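Because the structure is predicted, anything quoted here is derived from the model rather than measured. Residue numbers start from 1 in every chain, and the chains themselves are labelled A, B, ... in the order their sequence lines are given, proteins ahead of strands.
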2 protein chains.
Amino acid sequence: MLNNFKLTIEYDGSLYHGWQRQKNDRTIQGEIEKALQTMSGKEVVLIGSGRTDAGVHAMGQVANFSLETQLKTENFQRGLNSLLQEDIVIKACKQVDRRFHARYDVKSKTYKYRILNRPIPPAIGRQYAWFIPKQLDLEAIGRAIRYLIGFHDFKAFEGAGSPRSNTIRHVFNADLIEEEHGYLVFEIEADGFLRFMVRNIVGTLVDVGLLKITPHDFKKILHSKDRDQAGLTAPPHGLFLMAVKY
Amino acid sequence: MLNNFKLTIEYDGSLYHGWQRQKNDRTIQGEIEKALQTMSGKEVVLIGSGRTDAGVHAMGQVANFSLETQLKTENFQRGLNSLLQEDIVIKACKQVDRRFHARYDVKSKTYKYRILNRPIPPAIGRQYAWFIPKQLDLEAIGRAIRYLIGFHDFKAFEGAGSPRSNTIRHVFNADLIEEEHGYLVFEIEADGFLRFMVRNIVGTLVDVGLLKITPHDFKKILHSKDRDQAGLTAPPHGLFLMAVKY
């Protein structure tokens, strides 16, 4: 009988070409599928909650796979963690209902984007934050970020070359959190995200923080549905997929 | 006229064979001296506040060098940061009194040691903490760590093969701080440290946390002046030289 397993995965994306399996490059999905095949002797397809791009990290990516097996969840978790490189960790493995689908059943996803805003670049942790030496106006960013909350057509923040037919998403929460030592964290929860959406939003919010545009301009860009209006795409290494809810 | 410059340095020690210049291996001192030579055209000797071992990190290492130069402090800082790899950052450069000596004039140093204490290993930030899956008894560690404060002969926590004639040190502060997500931080400030002293103390405190020894045993080990009594040396990648006071 086929069993359905749900994995919760943490990874450091620094050395990977993103989530999705590729022929010639190391990817998160590819590495875990390889390990599953080693353990089970069968070809296993791992269904992720969605892709993450090259260099993006995850604290709580979720994926599932179906397999006819006698192996128990603890054995899968232990076995996978011993087969995988230490920059991919299976945090949890659960047996779930046969109908559970890691992508179709998503209720919400939460992303964090970390910025280090201080004059001097970091040596420690530079893999985990976008370094911005010019001081950002946090009050302006705080006003702009609120416009994201609710139902919007996020076409203006969609990556070029990857159009979706439906670009309306529901943003439940969007926050700017000031942490110690000059770290700023954007936290956004939505029912789904377009490709590059968080990074394009962050790039544009940074333009607000640098006073290149006003919070009102940010709102106009959001409503323009025009990618050319938005700012640069923030680099991948500040981005973390934190959690997926079902 | 010779000018004396004081550098404050942050580094990720992961890829270095420690602070001290070596013939064939990359070291922090070696890399900065090379960059200083490139900038000044002269051989420059960089005096650190003390060595850090291979794999140990620093948020606030201090060093000084004397040089006859027209270059200003801002130029040194900018020049060095553009010449150095991104895992070494000059956080500050100041011109100081000719008599300032980064090693002899130390009043205190503060080290932090980070442990991640949770069942599942980390993928993110694994370079910056010692992962311990078994739950530690923090109350026991908290009682043991207090015995460190004051004047003591720390011979029991000195690394083998590197004896000092004077092994008495004055510990001003020793704390255990619980952070979010299972992180524990030991913070120790003293007028000086023996080689491997922090890592040997942490290794022994972890034995207390694992209930292999009691807080009272920890006190006896400290007073024994016998290295064989103490626990394992904690791995280098959890250790950070945070600050040096003069």
Structural part of [X] lying under 4.5 Å from a heavy atom of chain A:
X       : result
I124(B) : both
P122(B) : both
A58(B)  : backbone
L84(B)  : neither

Practice item. For atom CD1 of I177(B), decide whether the heavy atoms of other residues, nucleotides or ligands shown that lie under 6.0 angstrom number more than 12. Key: yes
Exercise for review: Would you indicate whether L71(B), at its atom CG, is surrounded by more than 12 heavy atoms from other residues, nucleotides or ligands within a distance under 6.0 Å?
Suggested key: yes
Study note, to complete from the structure: What one should report as the nearest heavy-atom pair of V89(A) and I120(B) is CG1-CG2, 3.3 Å
Distance-only donor-acceptor pairs under 3.5 Å across chain A and chain B:
unit_1: E10(A); atom_1: OE1; unit_2: R118(B); atom_2: NH2; d: 3.2
unit_1: E10(A); atom_1: OE2; unit_2: A123(B); atom_2: N; d: 2.8
unit_1: E10(A); atom_1: OE2; unit_2: I124(B); atom_2: N; d: 2.9
unit_1: D12(A); atom_1: OD2; unit_2: R126(B); atom_2: NH1; d: 3.3
unit_1: R118(A); atom_1: NH2; unit_2: E10(B); atom_2: OE1; d: 3.2
unit_1: A123(A); atom_1: N; unit_2: E10(B); atom_2: OE2; d: 2.8
unit_1: I124(A); atom_1: N; unit_2: E10(B); atom_2: OE2; d: 2.9
unit_1: G125(A); atom_1: N; unit_2: Y128(B); atom_2: OH; d: 3.0
unit_1: R126(A); atom_1: NH1; unit_2: D12(B); atom_2: OD2; d: 3.3
unit_1: Q127(A); atom_1: OE1; unit_2: Y128(B); atom_2: OH; d: 3.3
unit_1: Q127(A); atom_1: NE2; unit_2: Y128(B); atom_2: OH; d: 3.1
unit_1: Y128(A); atom_1: OH; unit_2: G125(B); atom_2: N; d: 3.0
unit_1: Y128(A); atom_1: OH; unit_2: Q127(B); atom_2: OE1; d: 3.3
unit_1: Y128(A); atom_1: OH; unit_2: Q127(B); atom_2: NE2; d: 3.1

